Every structure is written in C-alpha cells, then in structure tokens.
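All residue numbers in this chain count up from 1 along the given sequence. Owing to the predicted nature of the structure, the values given are computational and were not obtained by experimental measurement.
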Amino acid sequence: MNKIKFFTFLLKHPLNIDHKWTVLLRYLRWQVGSRLAPGAVAVDFVDKTRLLVKPGMTGATGNIYTGLHEFEDMAFVLHILRQGDCFVDIGANIGSYTVLAGGAVGVNCISVEPIPDTFDHLRDNINLNGMRDRVTALNVGVGEKEGVLRFTSSQDTVNHVLSEDEAKGMPSMEVPVQRLDDILNNVNPVLIKIDVEGFESNVIKGANSVLSKDSLLGVIMELNGSGRRYGFDESVLHETMLSYGFSTYTYAPFERQLKTLANKTSNSGNTLYVRNCDEVNERLKSSQAYQIINVGKKL
C-alpha cells in the first residue's frame with residue numbers, strides 16, 4: 001500500500017473519521033516510540049486485551065492506528081460469538097483475530113499459523129492474554145490433503161504457499177499440511193476465518209465435513225484474486241460456498257445489521273458467508289458492547 005492509500009485508509013476508517021488529527025498523532029507516536037523501545041511492545045487492544053507488536057507487522061500496527069484494522073470483519077467476530085462457542089482462525093498470523101475471540105469474547109479457539117517465526121508471535125499473544133486454556137495453536141498449513149508444502153518465509157502478513165512461478169530464489173521453507181476436516185474432526189465451530197493468501201480453494205477442498213456442520217454460522221474468507229497464482233478460479237470457490245447454504249453479506253457494526261450482497265463477492269478483499277440468518281441476527285443485536293481502547297469508543 002503506497003503512502004497516499006495508507007493515509008486515506010487511516011483517515012477514512014469508520015473509527016477515525018471524526019478524529020483525524022488524533023489518528024495522525026497516534027501514528028506519529030507509534031513511529032517514534034516503537035523505534036525507542038527494543039523488541040515488541042504490548043499495546044492496548046479491545047477491553048482488557050493487549051497485543052505484542054513490532055514495527056513492520058502490517059496488520060497489527062493497523063490495529064494501533066485504527067482500533068480494528070479490518071473493521072467490519074473484526075466487529076462481526078466480536079458481535080456474533082458467545083462464550084462456549086468455537087472460533088477457528090486459519091492463517092492466524094500474530095493472532096489479532098484470536099485475541100478478539102479468545103481474549104475479548106472468551107470463546108475457545110483453534111488458531112493455525114504455518115510460519116514458525118510468526119507462530120512464535122501468535123503464541124506470545126496467547127500467553128500475554130492468559131488464553132492458553134482456551135486456544136489450541138497449531139504450527140501447520142491447511143490444504144486439500146495431508147502432506148508437506150513449501151511456504152514463503154519473509155513476507156510478513158502475506159507469506160503464502162510457494163507457487164511454481166515463484167520457486168526460484170525466494171526465501172522459503174517446508175511446512176507440514178493438514179486437512180481442515182482432520183483438524184476439526186471432533187470440533188463444532190461457529191465461525192471460521194480463512195486468510196491464506198490465495199490458497200483458500202485448496203483449503204475448502206479439504207473441509208467438506210466442517211462446512212456441513214450445523215454449528216457453523218459464518219465464514220470470513222479472503223477473496224481478492226490471489227488464487228490466480230495457483231491457477232484457482234475464485235468464482236468456482238464462491239459457488240462451492242453457496243452450495244453449502246451460505247449467502248454473502250457485509251456487516252454494519254454500528255447498526256448491528258447484515259447487508260446482503262445478493263450472493264456476489266465483496267470488493268473489499270474479505271467476503272462474509274453467513275447461513276441461519278435469523279440466529280445470526282439475534283446474536284448480533286444482543287451482543288454486549290466492547291471498548292476499542294485505542295480510539296476510545298464502544299462498539
């Protein structure tokens with residue numbers, strides 16, 4: 001993201017739009033302060049949760065600047081989940097979504113991150129928030145079948161399964177891979193987030209049993225065209241999700257309302273797949289409010 005797009009995103013973010021000077025000061029404070037403090041810094045997040053963040057962690061620093069970097073999707077996680085539920089975080093990175101679900105809401109989580117260094121940061125955030133009894137963290141990849149795949153290893157939030165076109169000279173590593181059906185064999189998830197940089201089609205091919213479970217109300221999935229690097233047609237993936245009874249929506253957090261996409265995909269990068277809408281809407285409307293610490297607002 002270039003600087004113009006970056007600052008446009010910050011200033012137009014729904015939690016910042018009325019406090020533009022404040023967000024710029026927040027940005028400057030982090031830029032200066034993070035350079036003076038060695039290593040990761042624990043920053044306030046939502047309610048009593050915190051995140052360990054270092055400069056260069058794109059998504060995590062976005063939470064510092066905006067409160068919730070991926071506003072609609074993160075708010076949906078907060079509002080739909082209840083204690084006793086299970087949230088599954090595929091491509092957990094350092095654990096922002098895991099901390100929202102396991103720390104702020106207090107649900108059980110299964111969090112999957114394939115890159116060892118990033119997995120260490122995920123585990124640090126689990127420990128920081130006292131979630132070891134609620135979070136099962138797995139240092140594996142997810143795909144159509146069990147085996148081993150080679151992942152890039154130096155691209156922060158966009159590390160991904162190495163494609164054939166990228167195979168020469170790019171820093172990479174081999175990672176064990178499991179099917180989602182095997183990982184969740186005895187688990188009944190309510191919500192799944194899948195962010196695997198274009199490999200989503202392969203993940204879904206190994207998730208038939210999971211997607212058929214009555215407990216599953218929603219899937220947040222990144223569909224931004226990255227699947228082309230592997231020859232995947234994301235329109236086929238989209239039709240597959242619809243065949244499991246899901247419909248597509250965006251979420252309006254302030255109004256606590258789903259807004260239909262008429263079964264089209266979102267232009268924002270992530271698409272929200274929902275089924276059993278009556279139950280979902282009841283959960284959204286009856287959820288408690290959560291304090292977004294950095295921006296001083298309740299949501």
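Between Asn270 and Leu223 the shortest side-chain heavy-atom distance does not fall below 4.5 Å. The side-chain heavy atoms of Val177 and Val140, taken from C-beta on, include no pair separated by under 4.5 Å. The shortest distance between side-chain heavy atoms of Asn188 and Cys86 does not fall below 4.5 Å. When side chains are defined from C-beta on, Ile94 counts as touching Met57, because their heavy atoms get closer than 4.5 Å. Between Ile90 and Asp195 the shortest side-chain heavy-atom distance does not fall below 4.5 Å. Side-chain contact between Gln288 and Asp47 is present, with heavy atoms from C-beta onward closer than 4.5 Å. Between Met221 and Thr271, every side-chain heavy-atom pair lies at or beyond the 4.5 Å cut-off. In this structure, His13 and Leu10 have side chains that are not in contact, with every pair of non-hydrogen atoms separated by 4.5 Å or more.
To the nearest 0.5 Å, atoms NZ (Lys145) and NZ (Lys205) are separated by 10.5 Å. Note that CG of Leu272 is 6.5 Å distant from CG of Asp73, once rounded to the nearest 0.5 Å. Once rounded to the nearest 0.5 Å, the distance linking NZ of Lys264 with OG of Ser235 reads 14.0 Å. One finds the CG atom of Asp233 at 11.5 Å from the NE2 atom of His238 (value rounded to the nearest 0.5 Å). Rounded to the nearest 0.5 angstrom, Leu138 CG and Ile110 CD1 are separated by 7.0 Å. Note that CG of Leu216 is 9.5 Å distant from CG of Asn276, once rounded to the nearest 0.5 Å.
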Working note: Val99 + Met131, criterion side-chain contact (heavy atoms from CB on, under 4.5 Å); need CA distance, chi angles, decisive distance, verdict. CA-CA 8 Å; Val99 171; Met131 302 188 302; 3.9 Å; yes
Test log, rule side-chain contact (heavy atoms from CB on, under 4.5 Å), inputs Arg283 and Asp85: CA-CA 12 Å; Arg283 281 172 170 251; Asp85 289 344; 2.7 Å; yes
Test log, rule side-chain contact (heavy atoms from CB on, under 4.5 Å), inputs Ile80 and Val280: CA-CA 7 Å; Ile80 192 176; Val280 171; 4.0 Å; yes
Please lay out, stage by stage, how Thr248 and Thr260 fare under the test side-chain contact (heavy atoms from CB on, under 4.5 Å). CA-CA 6 Å; Thr248 58; Thr260 183; 5.8 Å; no
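A donor-acceptor contact shorter than 3.5 Å links the side chain of Asn2 to the backbone of Lys5. Not one N or O on the side chain of Arg256 forms a donor-acceptor pair closer than 3.5 Å with the backbone of Ala252. Counting only distance, with no hydrogens or angles, the side chain of Ser212 and the backbone of Asn208 share a donor-acceptor pair below 3.5 Å. Using modelled atom types, no side-chain atom of Ser287 and backbone atom of Leu284 make a donor-acceptor pair closer than 3.5 Å.
Counting heavy atoms of neighbouring residues, nucleotides and ligands inside a 6.0 Å radius, atom CD of Glu255 exceeds 12 of them. The number of heavy atoms from other shown groups lying within 6.0 Å of CG (Leu28) is above 12. Open room surrounds CG on Asn267; 12 or fewer heavy atoms of other groups in view lie less than 6.0 Å from it. Dense packing is recorded around NZ of Lys213, with more than 12 heavy atoms of other residues, nucleotides or ligands lying under 6.0 Å away.
Note on Leu258 and Ile192: separate hydrophobic clusters, where clusters join Ile, Leu, Val, Met, Phe, Trp and Tyr whose side-chain heavy atoms are under 4.5 Å apart, directly or indirectly. Clustering ILVMFWY residues whenever any of their side-chain heavy atoms sit less than 4.5 angstrom apart, transitively, puts Leu122 in a cluster other than the one holding Val175. A continuous path of hydrophobic side-chain contacts links Leu51 to Phe87 [ILVMFWY only; heavy atoms under 4.5 Å]. The cluster map of Ile, Leu, Val, Met, Phe, Trp and Tyr, joined by side-chain heavy atoms under 4.5 Å apart, puts Phe119 and Val196 in different clusters. Val158 and Leu162 sit in two unconnected hydrophobic clusters of ILVMFWY residues. Membership requires side-chain heavy atoms under 4.5 Å apart, directly or through other members.
The shortest non-hydrogen separation linking Ala92 to Thr98 is CB-OG1, 4.2 Å. Annotation for Ser172 and Arg150: closest pair OG-NH1, 3.0 Å, computed over non-hydrogen atoms. When all heavy atoms of Arg134 and Gly103 are compared, the pair lying nearest together is NH2-CA, 4.2 Å. In this structure, Asn93 and Glu113 approach most closely via the heavy-atom pair N-OE1, 2.8 Å. In this structure, Gly141 and Phe151 approach most closely via the heavy-atom pair CA-CZ, 4.1 Å. Here the closest non-hydrogen pair linking Ala137 and Ile126 is CB-CD1, 3.8 Å.
By the side chain to side chain contact (heavy atoms under 4.5 Å, CB included) test, Thr22 is found to be paired with His19, Arg26, residues two or more places apart in sequence or in another chain being considered. Every residue two or more places apart in sequence or in another chain that forms a ring pair (Phe, Tyr, Trp, His ring centres under 6.0 Å) with Phe76 is listed here: Tyr251.
Classification of the Tyr273-Phe246 ring pair by plane angle, with boundaries at 30° and 60°, yields perpendicular. The aromatic rings of Phe232 and Phe199 lie tilted to each other, with the angle between the two planes from 30° to 60°. Between Phe71 and Phe254, the ring-plane angle classifies as tilted under the 30° and 60° cut-offs.
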Would you list the atom pairs, donor with acceptor, under 3.5 Å between side chains in residues 224-231 and any protein atom, with sequence neighbours excluded?
from   : atom 1 : to     : atom 2 : distance (Å)
Asn224 : OD1    : Ser226 : N      : 3.0
Asn224 : OD1    : Ser226 : OG     : 2.7
Asn224 : ND2    : Glu222 : OE2    : 3.3
Arg229 : NH1    : Glu197 : O      : 2.6
Tyr230 : OH     : Val161 : N      : 3.4
Tyr230 : OH     : Val161 : O      : 2.5

Donor-acceptor pairs are to be reported for all side-chain atoms of residues 290-299 against protein atoms at under 3.5 Å, with residues two or more places apart or in another chain.
from   : atom 1 : to    : atom 2 : distance (Å)
Asn294 : ND2    : Asn63 : O      : 3.2
Asn294 : ND2    : Ile64 : O      : 3.1
Lys297 : NZ     : Leu15 : O      : 3.4

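The hydrophobic cluster around Leu52 extends to Leu128, counting ILVMFWY residues whose side-chain heavy atoms fall within less than 4.5 Å of a member. Its side chain within the 4.5 Å cluster rule, Val32 clusters with Leu36 among the Ile, Leu, Val, Met, Phe, Trp and Tyr residues.
With Val219 as the fixed residue, the side-chain contact (heavy atoms from CB on, under 4.5 Å) test singles out one of Ile194, Val274, Leu191: Ile194. For the side-chain contact (heavy atoms from CB on, under 4.5 Å) with Cys109, the qualifying choice from Leu100, Asp89, Leu81, Val135 is Val135, the only one to do so.
For an aromatic pair to be called close, the ring centres must be under 6.0 Å apart, and Tyr97 with His69 fails this. The six-membered or imidazole ring of Tyr65 lies away from that of Phe7, with a centre-to-centre distance of 6.0 Å or more.
Side-chain atoms of Thr152 and Asn159 form a donor-acceptor pair, as typed in the model, at a separation below 3.5 Å. A donor atom on one side chain and an acceptor atom on the other are found under 3.5 Å apart for Ser286 and Arg82.
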